[in-house]
Amino acid sequence: MTDNAVELREVVKEFNTPEGGVLAAVDHVNLEIKDGEFFSLLGPSGCGKTTTLRLIAGFEIPTSGAIRIRGKEMGPVPAFKRPVNTVFQQYALFPHMNVEQNVGFGLEMKGVARPERSKRVSEALGLVRLMGMEMRKPKQLSGGQQQRVALARALINKPEVLLLDEPLGALDLKLRKEMQLELKTLQREVGITFIYVTHDQEEALTMSDRIAVMNKGVTLQVGAPEAIYERPANRFVADFIGETNFIDGQVLDQTGNMVTMDVPGTARLQIQTSRFFARGQSVSVTVRPEKLRLNTDLPGGNRLVGRLEDVIYIGTDTHFGVRFSGGQKVRVREQNVTYDKLKLPKTGDEVSVAFKVDDARLLTE
Amino acid sequence: MIGSLLRRSKNLQLAGLISPGALWLLLFFNLPLLIVLFISFVERGRAGGIQVPPVYTLRNYLQFLNSCSTAYSGPDCDPFLYLGIFGGSVRIAAIVTLWCILLGYPLAYFIAHSPARWRDSLMLLVIIPFWTNFLVRTYALKSVLGADGMINAALMNLGVVARPLEMLFNDFGVVVGLIYGYIPFAILPMYASIEKFDESLMEAAADLGANPRRAFWRVMLPMTLPGVIAAFVLVFVPVVGAFITPEIMGGGKVEMIATLINRQFSTARNWPFGSAMSLVLMLLVLIAVVIYFRSGDESSRRAM
């Protein structure tokens, strides 16, 4: 048997647009989500991540393809019979029921007797640190508390998979940061597979074991946070996750896994890669601002010379904007390990920018 | 002079603003009501109206509770005649209200879940009958249900029935007529409730293992109950005192409160008894309205 909690095979979901066209919100998506994993679906709004989640929950029926939960085909299984529970974006707590009735709803549907039910409700509320709130109505709770009730209401049913649809979206920044860590801890405690939908790349990086980056209904890259950040598969992923620079040019030559690339009017760069590129092919190199060093030579690394256009001091770091003679511009982030104002280069100075051959990624698209 | 006086006193300003409306209500609503109250406690006149000078009595109310309490009652008198008619009206109103809700709720649901661009047109179809005179609509329905009406003609031509079904001049005809006339009053408030209802709550219920039926009873119905209760009051109150429909669809064979009251002021020439029954009807309606407001408080308290 498979140890995948959820499997998506060539799943397509098409919607009719008001203009009479057909839009594939989810376009041939394949995913294998492992048992006990904290898996995030990350992408901009409209990328199909929420639709993917709703397909797993059973709120939407796929146009084609197969969805399996614990190896069991979910095609003909209606939402109310699926072994998954959802934490909704706006929580969708029942306003006419108190916290105890809300949290106990799933058990009530399963026919669990009242004494057993209230015992398990107390346990679930303990898990999310909401003891003593049983008699409150959702409207009498703060946003963060409602969020916890929604979490308890889902977790009490001990689902195979917990689906979370941007559950922290409505909270303020500080509370969101707290809840991120709390959710991660909770997930480890209960050992349930979490599928987490978010458009916040930082949130996804912080919490996930693995991330699927989606855009326009397609999964662009699936991998661990480090892999997604350090080895983006394409321009969209590199750009969407964190801050990055793109330097455009043409391939001059490839020897083994080392590509020599020409950046017009600027320099030649050496980039390490595991792929094969044709001579003359247009490529971009992506390199993170913190991987670039200002006025520091790295042995065996790349070095470009340009003019400093702006210097932005933001406390922990200083950001520099450097424009090369060919016209392209990069941002460099230097940590303010020590601060010496006199040593900082000034706007208009000629500076060098260096990076290691394996700190950059060569992309074709 | 008056201007400076008004500027000085807030209470005077308030009185000035309220008085036209208050005067209007007093003159055209409260005063006639007081006249009815007065008439209900005096002896009847020989040829209608009241006896002058007025003779005060509780006889009219006693007659309502026990129809044999008058001097004219014969040996086979039914003491519960009037109470029975009131009870019958409440029964018909209850049946009509129930049907209006049972038929109106799915329709309201259907309209609320139609594509947005159709919703207004569908609601218009519900409202359009209001633009036609109620009397005309009732006569139209009468001709449809009649012995040689459309339905009977169709059924007989198809050989389903040999003789025309009796759908007029009985409770059935009156109930159908009242449902037809008053169902928009049920649909409108229920539509308002259902349209406001957050559909994601149904998904949440399904997600937690509730099949569609249980999700409806545990989540959707309780959440849309204010609309159902409003529908109940908006239909029950006018139907229990309905006059035109029982008169036309009942053809004089179905007696309801309003037709009974009407008779006291016309052929029976017993104004005091008619007045007394009007006030009893008002009391009945008042009770229904109080139930409504109570439940409104309850649901708003629950929503807190």
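Lettering of chains follows the sequences in order, A, B, ..., and the numbering in each one begins at 1.
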A quick test of your reading: do over 12 heavy atoms of other residues, nucleotides or ligands sit less than 6.0 Å from [atom1] of [X]?
X       : atom1 : result
K81(A)  : NZ    : no
F110(B) : CZ    : no
D120(B) : CG    : no

Looking at D207(B), is its backbone amide N or carbonyl O close enough to the side chain of R82(A) to form a donor-acceptor pair, meaning the two atoms are under 3.5 Å apart?
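Side chain of R82(A) to backbone of D207(B): no pair is present.
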Is any side-chain heavy atom of [X] less than 4.5 Å from a side-chain heavy atom of [Y]?
X       : Y       : value
F80(A)  : P212(B) : yes
H96(A)  : V219(B) : yes
L201(B) : P95(A)  : yes
M223(B) : F94(A)  : no

Given a strict heavy-atom distance threshold of 4.5 Å, which part of [X] is in contact with chain B: side chain, backbone, both, or neither?
X       : answer
R153(A) : both
N85(A)  : both
I156(A) : neither

Roughly how far, to the nearest 0.5 Å, is CZ of R218(B) from CD of E108(A)?
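If we round to the nearest 0.5 Å, E108(A):CD and R218(B):CZ are 4.0 Å apart.
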Nearest 0.5 Å please: distance from the OG atom of S200(B) over to the OH atom of Y91(A).
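OH of Y91(A) is found 12.5 Å from OG of S200(B).
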Taking side chain to side chain contact (heavy atoms under 4.5 Å, CB included) as the test, write out the residues that go with N98(A), two or more places apart.
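N98(A): side chain to side chain contact (heavy atoms under 4.5 Å, CB included) contacts with E100(A), Q101(A), M135(A), K137(A).
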When heavy-atom pairs shorter than 4.5 Å are enumerated against chain A, which of A204(B), A215(B), P115(B) gives the highest number?
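Most pairs with chain A among the choices: A204(B).
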